2 protein chains.
Amino acid sequence: MSSDTRGPRDRMVYATAQHLRRAGVSGTGLRQVVIDADAPRGSLQHYFPGGKDQLVAEALDWAGTWAAARVGEHLSRMRRPTPSRLFTAVVDDWAADLDAREFARGCPVAAAVVDCADTNETVRRAADTALETWRRPLAEALVDMGRSRRRADSLSTLMLCALEGAILMARARRDTAPLRLVARELAPVLDAPPGAQR
Amino acid sequence: MSSDTRGPRDRMVYATAQHLRRAGVSGTGLRQVVIDADAPRGSLQHYFPGGKDQLVAEALDWAGTWAAARVGEHLSRMRRPTPSRLFTAVVDDWAADLDAREFARGCPVAAAVVDCADTNETVRRAADTALETWRRPLAEALVDMGRSRRRADSLSTLMLCALEGAILMARARRDTAPLRLVARELAPVLDAPPGAQR
DNA sequence: TGACTACTATGACGAGTGTCATAGTAGTGA
DNA sequence: TCACTACTATGACACTCGTCATAGTAGTCA
């Protein structure tokens, strides 16, 4: 995740995503992003003629893609994957991140939704597709585990809802317990045999 | 919920809470709050010498208390309350609100956490206690329904996590489906007979 | 060498921010 | 009438914000 090798453009997108996680959209200043990215300020209007909206949108896009890839990594590490094991892996990943950074950074998509859902349609759309980019590999994995398409869509959405909420509560309480809690409580729902539930 | 009868102080707190729901903490300007509240600007420093932090903290406090009272209202309307029925009532409440306001307003506590968890300890604490104020009546109700204290704490936390996440996703998608989904999926977990689960 | 493109540097603009200082008004109780 | 308190009015300060205009540099083709 070191950002030295990539070009300044990518570094700015990455720095924006990280800043979103800490302070939300309106709390993210472009000047600070440029500093964090160790990028030239003049490049902002060159690479992102669409202004802050474009930068934030690309940061969300990056975040969605990254999260999706992370799901793949978790899956590839599992001998016999089950829905609950997958969910637990994702949740544990977040718990470790929150712990390591002392709850400083949450989910950038959540930040975008909270700040912009009503005021900035560009960003809202980007957040929406980022969530979808993240959810899709979860659903695919569930299908591979024998769930129907419909069921996989439902369960993957449930996973993301519970995770986002748990991240939120964990940051409020400064305690990762909610994350572990949702992983434990959802296990029976997620692992219910394919035919048993609607 | 009309704000004409209350004093300017209360109106400012209320207006702040509503503004938080739309644009987050950093997106909430004090001058706009004053206008929305139809309050004198000079009263800001008089009633809230602690500045914006105090105002936001009180708004979160108000929101937590309001949400808790709402739980009570739902319960009082139920002949034979069950955990899943209670959760569904809360969720439906939110779905109706989101629909009515076209997804413009989310949860003020979520907004505070996302924007301030890392940068503003005062607000973070206020968000934490607001969540707790909200969760407590849920847990109490679950105890009344025969769940153990431990179990009630777990389930009430699960409810709030799923709800907060579903609100988030609903606003991103501009669709209340995630809310209805979590209510449906969590029902078996919530209604599992007291002794059946850990 | 010269034109052309990609990228960077920098200063400024106007608007908005939270906060504060200062002065004013209305009402109450002595 | 006087003092005192509660509350309001308003202008200013010192920022920060996103955006833009303009100029400059480096590199690449012809």
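Remember, predicted model here, so these are calculated numbers, not experimental data. The analysis underlying the following values was restricted to heavy atoms, covering all of them including side chains, and did not include hydrogens, waters or symmetry mates.
- Minimum interatomic distance between Arg147(B) and Ala192(B) (heavy atoms only, all atoms of both residues): NH2-O, 3.0 Å.
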What is the per-nucleotide protein-contact pattern of nucleotides 9-22 of chain D, from the 5' end, where B denotes a base atom under 4.0 Å from a protein heavy atom, S denotes such proximity for sugar-phosphate atoms only, and - denotes neither? BBBB----BBBBB-
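- Every residue two or more places apart in sequence or in another chain that forms a side-chain contact (heavy atoms from CB on, under 4.5 Å) with Ala17(B) is listed here: Ala59(B), Trp62(B).
- DNA chain D lies under 4.0 Å from no heavy atom of any residue of residues 106-117 of chain B.
- Checked against side chain to side chain donor-acceptor pair (under 3.5 Å), Arg70(B) has the following partners two or more places apart in sequence or in another chain: Glu73(B), Asp93(B).
- Here side chain to side chain donor-acceptor pair (under 3.5 Å) pairs that include residues 38-50 of chain A, with residues two or more places apart or in two chains, number zero.
- For the helix from dT1(C)-dA30(D) to dA30(C)-dT1(D), the axis fitted to the five pairs at one end and the axis fitted to the five pairs at the other end meet at an angle of 10° (nearest 10 degrees).
- Atoms CE (Met12(B)) and C1' (dT8(D)) sit 10 Å apart, rounded to a whole Å.
- Atoms CZ (Arg9(A)) and P (dT8(C)) sit 12 Å apart, rounded to a whole Å.
- Scored by the side chain to side chain donor-acceptor pair (under 3.5 Å) test, Asp191(A) finds Ser84(A) as partners (sequence neighbours excluded).
- By the side chain to side chain donor-acceptor pair (under 3.5 Å) test, Thr176(A) pairs with Arg180(A), sequence neighbours left out.
- In this view, Arg149(B) and Glu140(B) satisfy the side chain to side chain donor-acceptor pair (under 3.5 Å) rule, not counting sequence neighbours.
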Side-chain donor-acceptor pairs of residues 166-174 of chain A under 3.5 Å, sequence neighbours excluded:
| from | atom 1 | to | atom 2 | distance (Å) |
| --- | --- | --- | --- | --- |
| Arg171(A) | NE | Phe103(A) | O | 3.2 |
| Arg171(A) | NH2 | Ala104(A) | O | 2.7 |

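- Within the structure, salt bridge (charged side-chain N to carboxylate O under 4.0 Å, His left out) contacts touching residues 54-63 of chain B (residues at least two apart or in different chains) are Arg9(B)-Glu58(B).
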Show me the side-chain donor-acceptor pairs of residues 113-123 of chain B shorter than 3.5 Å, one per line, residues at least two apart or across chains.
| from | atom 1 | to | atom 2 | distance (Å) |
| --- | --- | --- | --- | --- |
| Asp115(B) | OD2 | Val25(B) | N | 2.8 |
| Asp118(B) | OD2 | Arg22(A) | NE | 3.3 |
| Thr119(B) | OG1 | Asp115(B) | O | 3.4 |
| Asn120(B) | OD1 | Thr122(B) | N | 3.2 |
| Asn120(B) | OD1 | Val123(B) | N | 3.1 |
| Asn120(B) | ND2 | Asp53(B) | OD1 | 2.9 |
| Asn120(B) | ND2 | Asp53(B) | OD2 | 3.4 |
| Glu121(B) | OE1 | Arg124(B) | NH1 | 3.1 |
| Glu121(B) | OE2 | Arg124(B) | NH1 | 2.5 |
| Glu121(B) | OE2 | Arg125(B) | NH1 | 3.1 |

